[in-house]
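A short write-up of the structure that comes next.
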Protein chains: 2
Amino acid sequence: MIETAALKMFAALSQETRLRIVRYLVECGTEGASAGDIGKTVGAISSRASFHLAALEQAGIVTSERQSRKIVYRANYEALGALVSFLLTDCCGRHPLVVACCDLGECC
Amino acid sequence: MIETAALKMFAALSQETRLRIVRYLVECGTEGASAGDIGKTVGAISSRASFHLAALEQAGIVTSERQSRKIVYRANYEALGALVSFLLTDCCGRHPLVVACCDLGECC
DNA sequence: TCAACAATTCAAGAGATATTGAAATATGAT
DNA sequence: ATCATATTTCAATATCTCTTGAATTGTTGA
């Protein structure tokens, strides 16, 4: 993962509404959820939900697909995994204290 | 880790200069580095380095300690570990795809 | 076609963030 | 005391981000 991509992802996750969206979509799994559904869940009017969903998609954290009238959003697990990897490896050099603190066991 | 703390840390890491500072300080280990040293390393004039170091300290990502004339900054490995944990567990629910993508082996 | 539903786009305003250079503070050496 | 070093603080400016409500686009069903 390139630094600029990580910066965009961190920026995307640094906003309350967007972080809630991500957590909700991770729960939703491969089914995903529609923009309207997401907006209701996180308490955002349509334009606001749309704004933040666009930001998340721009950052590569979610994907979107039109399904008839609705647009279904899904978490991009690969991207999230890459970000965890970036943070753990590229930023923290898999430092023992970091590994210990995040309960990763002995394998890391 | 509480959500607001994670939001602050993500915001702190979403800025190029600050991300560079963090990566440098992680390399420096327990010795840490002075503000001037950090500024030169990441290419920032003193006031800018100071501004970003304050932001990182505010977010809990680094600590500071005066040593005679210099102020030594150090990476807060516990906080970074907690953030990795938050991202992996609270945000991604340790989803198999995420775990796989970030090369965490079988233990997670 | 027309009405409804779902979502995005747009414009405007408020607020936050980043950069710079100058001034201020703190420490140590002569 | 005075000076040099190290860092922070401040003011001004520019830019980016977020929110809202209204207008627009796209899709489906009567």
Side-chain angles (χ1 to χ4, degrees), chain A residues 3-25 28 31-76, chain B residues 3-25 28 31-76:
Chain A
E3 188 180 271
T4 51
L7 285 168
K8 281 179 191 164
M9 291 186 76
F10 284 136
L13 294 174
S14 72
Q15 211 281 338
E16 192 175 1
T17 302
R18 288 197 294 263
L19 187 57
R20 287 203 190 133
I21 291 173
V22 172
R23 295 173 93 167
Y24 176 55
L25 284 179
C28 289
E31 289 236 335
S34 69
D37 179 12
I38 295 165
K40 274 170 199 150
T41 302
V42 304
I45 62 174
S46 63
S47 62
R48 195 167 139 223
S50 193
F51 171 79
H52 288 302
L53 283 166
L56 286 169
E57 189 170 24
Q58 197 72 20
I61 295 176
V62 306
T63 61
S64 72
E65 182 198 6
R66 170 142 247 155
Q67 277 186 5
S68 79
R69 268 196 273 219
K70 301 185 174 181
I71 294 183
V72 172
Y73 286 87
R74 294 188 185 83
N76 184 345
Chain B
E3 189 180 271
T4 52
L7 284 168
K8 280 179 189 163
M9 291 185 76
F10 284 136
L13 294 174
S14 72
Q15 210 282 337
E16 191 176 2
T17 301
R18 288 198 295 263
L19 187 57
R20 286 204 190 132
I21 291 174
V22 172
R23 295 173 94 168
Y24 176 55
L25 284 179
C28 288
E31 290 235 334
S34 69
D37 179 11
I38 295 166
K40 274 169 198 148
T41 304
V42 305
I45 62 175
S46 64
S47 60
R48 196 167 137 221
S50 192
F51 171 80
H52 288 302
L53 283 166
L56 286 169
E57 189 170 25
Q58 195 74 21
I61 295 175
V62 307
T63 61
S64 72
E65 183 198 7
R66 169 142 247 155
Q67 276 185 3
S68 79
R69 267 197 276 216
K70 302 185 174 181
I71 294 183
V72 172
Y73 286 87
R74 295 188 185 84
N76 183 344

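Because only heavy atoms are used, hydrogens play no part in the values below, and waters and symmetry mates are left out as well, while side chains stay in. Here is how names work: the chains are called A, B, and so on, in the same order as the sequence lines, proteins then strands, and each is numbered from 1.
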Minimum side-chain heavy-atom gap A/L19-A/R23 below 4.5 Å: yes
Between C/dA18 (P) and B/I21 (CD1): distance, integer Å: 11 Å
Interatomic distance, A/E16 CD vs D/dT17 P [rounded to whole Å]: 18 Å
Exceeds 12 heavy-atom contacts within 6.0 angstrom, atom CD of A/Q58: no
Separation of atom OH in B/Y73 from atom C1' in D/dT7, rounded to whole Å: 8 Å
Nucleotide C/dA16, atom P - distance to CD of B/Q15 in whole Å: 18 Å
Side-chain heavy atoms of A/S14 within contact of A/F10, under 4.5 Å: no
Got a list of protein N/O to nucleotides 20-27 of chain D N/O distances below 3.5 Å?
{"unit_1": "D/dG21", "atom_1": "O6", "unit_2": "A/S47", "atom_2": "OG", "d": "3.3"}

Polar side-chain atom of A/R48 near backbone of A/G39 as donor-acceptor pair, under 3.5 Å: no
Interatomic distance where CG belongs to B/L53 and P belongs to C/dA18 [whole Å]: 13 Å
Closest-nucleotide 5' rank along DNA chain D - winner of A/A55 and B/K40: B/K40
A/Q67 atom CD, over 12 foreign heavy atoms within 6.0 Å: yes
Closest to side chain of A/H52, choosing from D/dT19, D/dT7, C/dT8: D/dT19
5' priority, DNA chain D, between A/Q67 and A/T17 [closest heavy atom]: A/T17
Spatial distance of atom CD1 (A/I38) from atom OG1 (A/T17) [nearest 0.5 Å]: 12.5 Å
B/E57 CD - D/dT7 C1' separation (whole Å): 13 Å
Atom pair distance, as rounded to whole Å: CD1 in B/I71 and C1' in C/dA26: 9 Å
OP1 or OP2 of C/dA6 under 4.0 Å from side-chain N/O of A/S34: no
Under 3.5 Å: donor-acceptor pair, side chain of B/T41, backbone of B/D37: yes
Spacing of B/E65 atom CD relative to C/dA26 atom P, expressed in whole Å: 18 Å
